[in-house]
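Order of the sequence lines fixes the chain letters, A, B, ..., with proteins taken first and strands second; residue numbering starts at 1 for each chain. Just so you know, these numbers come straight off a predicted model, no measurement behind them.
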Protein chains: 2
Amino acid sequence: MGLEMGDTHRSKPRSRRGGVRRDPAAATISRVADAAGVSRATVSRVMNGSTTVAPELAARVRAAAEALNYEPSLLARSLALGRTSTVSLIVPDLANPMFQDILRGLSTAAGAHGHRLMVAESNENAEAEQILAVEARRRSDGLVLASSRIPEPQLRALHERLAPLVLLNREIPGTAVPSLSVDYHAGIRAIVAHLLGYGHRRLVYLAGPPASTSNTDRLVTLRAEAAGSPGFHLTELDCGSTFETGHAAARAVLATGATAVVAFNDMVAFGALSGLHELGVSVPGQLSITGFDDIPFARYTTPPLTTASIPKNELGRQAWERLWALMSGAPPGYDARFQPRLLVRDTTGPVRA
Amino acid sequence: MGLEMGDTHRSKPRSRRGGVRRDPAAATISRVADAAGVSRATVSRVMNGSTTVAPELAARVRAAAEALNYEPSLLARSLALGRTSTVSLIVPDLANPMFQDILRGLSTAAGAHGHRLMVAESNENAEAEQILAVEARRRSDGLVLASSRIPEPQLRALHERLAPLVLLNREIPGTAVPSLSVDYHAGIRAIVAHLLGYGHRRLVYLAGPPASTSNTDRLVTLRAEAAGSPGFHLTELDCGSTFETGHAAARAVLATGATAVVAFNDMVAFGALSGLHELGVSVPGQLSITGFDDIPFARYTTPPLTTASIPKNELGRQAWERLWALMSGAPPGYDARFQPRLLVRDTTGPVRA
DNA sequence: CTGAAAGCGCTAACAT
DNA sequence: ATGTTAGCGCTTTCAG
């Protein structure tokens, strides 16, 4: 099949200057072209399935590629094409199932369109997140920021450099950055109404990370509700967003004398539940607990957790849709604010007489 | 500061051929060079912190870069350098906390060395995994395959194309591919001994995905133990690796008449626990249950799950070390097989009289 | 210390 | 239908 190597495409001697070739034996488009006795353009055409190549030539090219174990460099291809077919996602905490679900939704949707996903975790650190965001964006064609902890001014200053950008649980008012979020206000109202209906009047809120805007949302609504309902007493406890912080807060919760605890999210609720259990407190007998997010484990705890469910996977999926639209110059969909669905399970009950 | 634009570095007119520039206004090294009145080489030197540049020139370059909002193209840089500073991870199931922990360990370690992580999920599909693996590898400098479901022959055929490659919970005997794994045999033996000590003689194994080699390991040991202990009766139930499958298996578990269930992993154990709970079965009163992995939730279930703990984060961290060694031409560390630690919690107890 | 030029591997407009 | 060539944006050797 005449697969000998030549150098017909390199008029000047290859003097091993410039960039570093990793594997000197690696097959390149030029080698394949030489081996098949065609031009690189033809090889490129064949590799990309162009129909305008004579069957015989195409066969020769394929044989050469096969023989040389040729695999086009995606890097070079990306550079030439101006796109990487990769998008990035940044989350505050990979350990949180909530973000993992978003990750899955995004990964799946992007994958279905031939795109890969790059992930990075900011560890709840706003500084780190900014660096990561810029770098991640530079390595890919688009970026999704989930529950970004970046303060508004910085985010506002940054958003143009990050475009195409999609925000999850965050928005930049006055800009066209697509945003998908959850109506935490509504979720909290539903939780409070549920608790009030059971006769609870003394609630304690296990607050999440201060940089979390959704924590602020919850707080604002909680305070408003407390202010609006006579006899409704609210205590706020700084907590965090993890099992551990929820678990550690058990004793403090007890000390407040509250009859119901509204946890920042399911992880915290789960931790508190466990901590309370260790202290011999029965739930919901002595104390009611609510979570937020409805992570997969929530329905399997004992007792199953009352929580506000949000469409995590959908958030990821739709983030992809918005991003894809942005990347292809189409109009992104309208911003959406998903309404949480209250799932009354067994960690809440009537207040003890 | 003389930041006007010029075209001194383009002898031929830029006729907008070849590759597609995404953003025509984007700052490139050439523009910065022109603006600063220096060569691209100098800009490159400055951007990469070379000390051999005259302070005055360096300042001019920095000013120009700043003014133009210049950000070097990581893509072009990667092409020239021959490396992407990115590594990839492929897991069967992103929903499994076990893999998420590995992901975190790897992500953190890689990040600390200035590398980014790319993830893909094979959804327990061996075919998809092979495609993903090859592509992921082509986009990055190295690959980690976690609990790969790729059959041995294919994996063996593929491993050279995937190098630098590190395997987690999998190995290719006879090759030099670094492998980090868990001694499932030992873990299962510890679990069985624990159960036998409580007087259990009829066990049921909730089997994981058939393609999982670690499932095979568990099975082999379980059968050996059963064969070696008179009176020890083992039933095998095909199950899977998720909550749902564990939950769905509850009734079947009961039907076996076993007094203890050995679940493939914590997720399955958790699902079974929940399913049994719904059927009014008390654990460990009527039935004992064990998991495997010790995912974060395991200690928070009610009752807390008896399981075999494995160093998930460490697996990710060390995977990075091996990969990094491979990529830098250093000898990778020795293969390691971590010994699970049995964590006796409250889902196991004496067999009912 | 700086610049010129070759090179990384691929794509696509243009010409034949 | 195929080849030629310019170009993607950066790095690095070499010469001065």
Side-chain angles (χ1 to χ4, degrees), chain A residues 8-24 26-34 36-58 60-61 65 68 70-85 138, chain B residues 8-24 26-34 36-58 60-61 65 68 70-85 138:
Chain A
T8 58
H9 292 286
R10 300 186 194 294
S11 33
K12 322 259 166 67
R14 288 184 95 201
S15 49
R16 204 71 304 291
R17 290 159 153 234
V20 177
R21 282 269 341 96
R22 207 113 50 94
D23 179 357
T28 69
I29 197 173
S30 291
R31 284 173 135 79
V32 175
D34 291 349
V38 301
S39 73
R40 292 179 309 180
T42 297
V43 176
S44 175
R45 289 187 186 104
V46 172
M47 298 310 288
N48 292 299
S50 167
T51 53
T52 69
V53 179
E56 190 229 4
L57 263 199
R60 237 163 64 206
V61 169
L68 296 178
Y70 171 63
E71 274 172 14
S73 155
L74 293 179
L75 217 51
R77 193 158 194 279
S78 292
L79 182 59
L81 249 28
R83 63 183 151 75
T84 62
S85 295
R138 286 207 289 153
Chain B
T8 58
H9 292 286
R10 302 184 193 293
S11 32
K12 322 259 166 66
R14 288 184 94 202
S15 48
R16 205 69 308 288
R17 289 159 154 234
V20 177
R21 281 267 344 93
R22 208 112 50 92
D23 179 358
T28 68
I29 196 172
S30 291
R31 284 172 135 79
V32 175
D34 290 348
V38 301
S39 72
R40 292 180 308 178
T42 298
V43 176
S44 175
R45 291 189 184 103
V46 172
M47 297 310 290
N48 291 299
S50 166
T51 54
T52 68
V53 178
E56 189 229 3
L57 263 200
R60 238 162 65 206
V61 168
L68 295 178
Y70 172 63
E71 274 171 14
S73 156
L74 293 178
L75 216 51
R77 192 156 195 281
S78 293
L79 182 59
L81 250 29
R83 62 182 151 76
T84 62
S85 296
R138 286 208 288 154

- Between B:Ser44 and D:dC10, does any side-chain N or O lie under 4.0 Å from OP1 or OP2? no
- Rounded distance in Å - CG (A:Asn48) to P (C:dG9): 17 Å
- Note on the structure: Distance col, row B:Leu81:CG vs B:Asn48:CG, nearest 0.5 angstrom, shows 8.0 Å
- Message: Is the phosphate of C:dT11 approached by A:Arg77 (side-chain N or O, under 4.0 Å from OP1 or OP2)?
- Response: yes
- Message: Return the OG to CG distance between B:Ser73 and A:Leu79, rounded to the nearest 0.5 Å.
- Response: 6.0 Å
- Under 4.0 Å between a side-chain N/O of A:Ser73 and OP1 or OP2 of C:dG9, yes or no? no
- Note on the structure: Here the distance between atom C1' of D:dC10 and atom OH of B:Tyr70, to the nearest Å, is 7 Å
- How many Å lie between CG on B:Leu68 and P on D:dC10, as a whole number? 12 Å
- Quick note, B:Ala41 side chain, CB onward, closest among D:dG9, C:dT2, D:dT12 is D:dT12
- To the nearest angstrom, the CD1-C1' distance between A:Ile29 and D:dA6 comes to 15 Å
- Closest nucleotide of DNA chain D for B:Pro72 versus for B:Arg45: which of these residues is on the 5' side? B:Pro72
- A:Ala54 side chain: which of D:dC10, C:dT2, D:dA1 is closest? D:dA1
- Message: Looking only at the side chain of A:Thr52 (C-beta and beyond, no hydrogens), which of the listed nucleotides D:dA1, D:dG9, C:dT2 gets closest?
- Response: D:dA1
- With the side chain of B:Ala80 defined as its heavy atoms from C-beta on, choose the nearest nucleotide among C:dA4, C:dC8, C:dC10. C:dC8
- Query: Out of curiosity, A:Arg60 CZ to A:Leu57 CG, how far, rounded to the nearest 0.5 Å?
  - Reply: 5.0 Å
- To the side chain of B:Leu79, which of C:dA12, D:dT11, C:dG9 is closest? C:dG9
- Interatomic distance, CZ@A:Arg40 vs CZ@A:Arg31, rounded to 0.5 Å, equals 13.0 Å
- Task: Output yes when at least one side-chain N/O atom of A:Thr42 is less than 4.0 Å from OP1 or OP2 of D:dG3, else no.
- Result: yes
- The side chain of A:Arg40 lies closest to which of these nucleotides: C:dC10, D:dT2, C:dG3? C:dC10
- Task: Can you measure from CD1 (A:Ile29) to CD (A:Glu71) and round to the nearest 0.5 angstrom?
- Result: 14.0 Å
- Could you tell me the separation between the CG atom of A:Asp34 and the C1' atom of C:dG9, rounded to a whole number of Å? 13 Å
- To the side chain of A:Leu81, which of C:dA12, C:dC10, D:dG3 is closest? C:dA12
- Task: Using whole Å, report how far CG of B:Leu57 lies from P of C:dT2.
- Result: 4 Å
- Query: Between B:Ser30 and D:dG9, does any side-chain N or O lie under 4.0 Å from OP1 or OP2?
  - Reply: no
- Would you kindly give the CE-to-C1' distance between A:Met47 and C:dA12, to the nearest whole Å? 17 Å
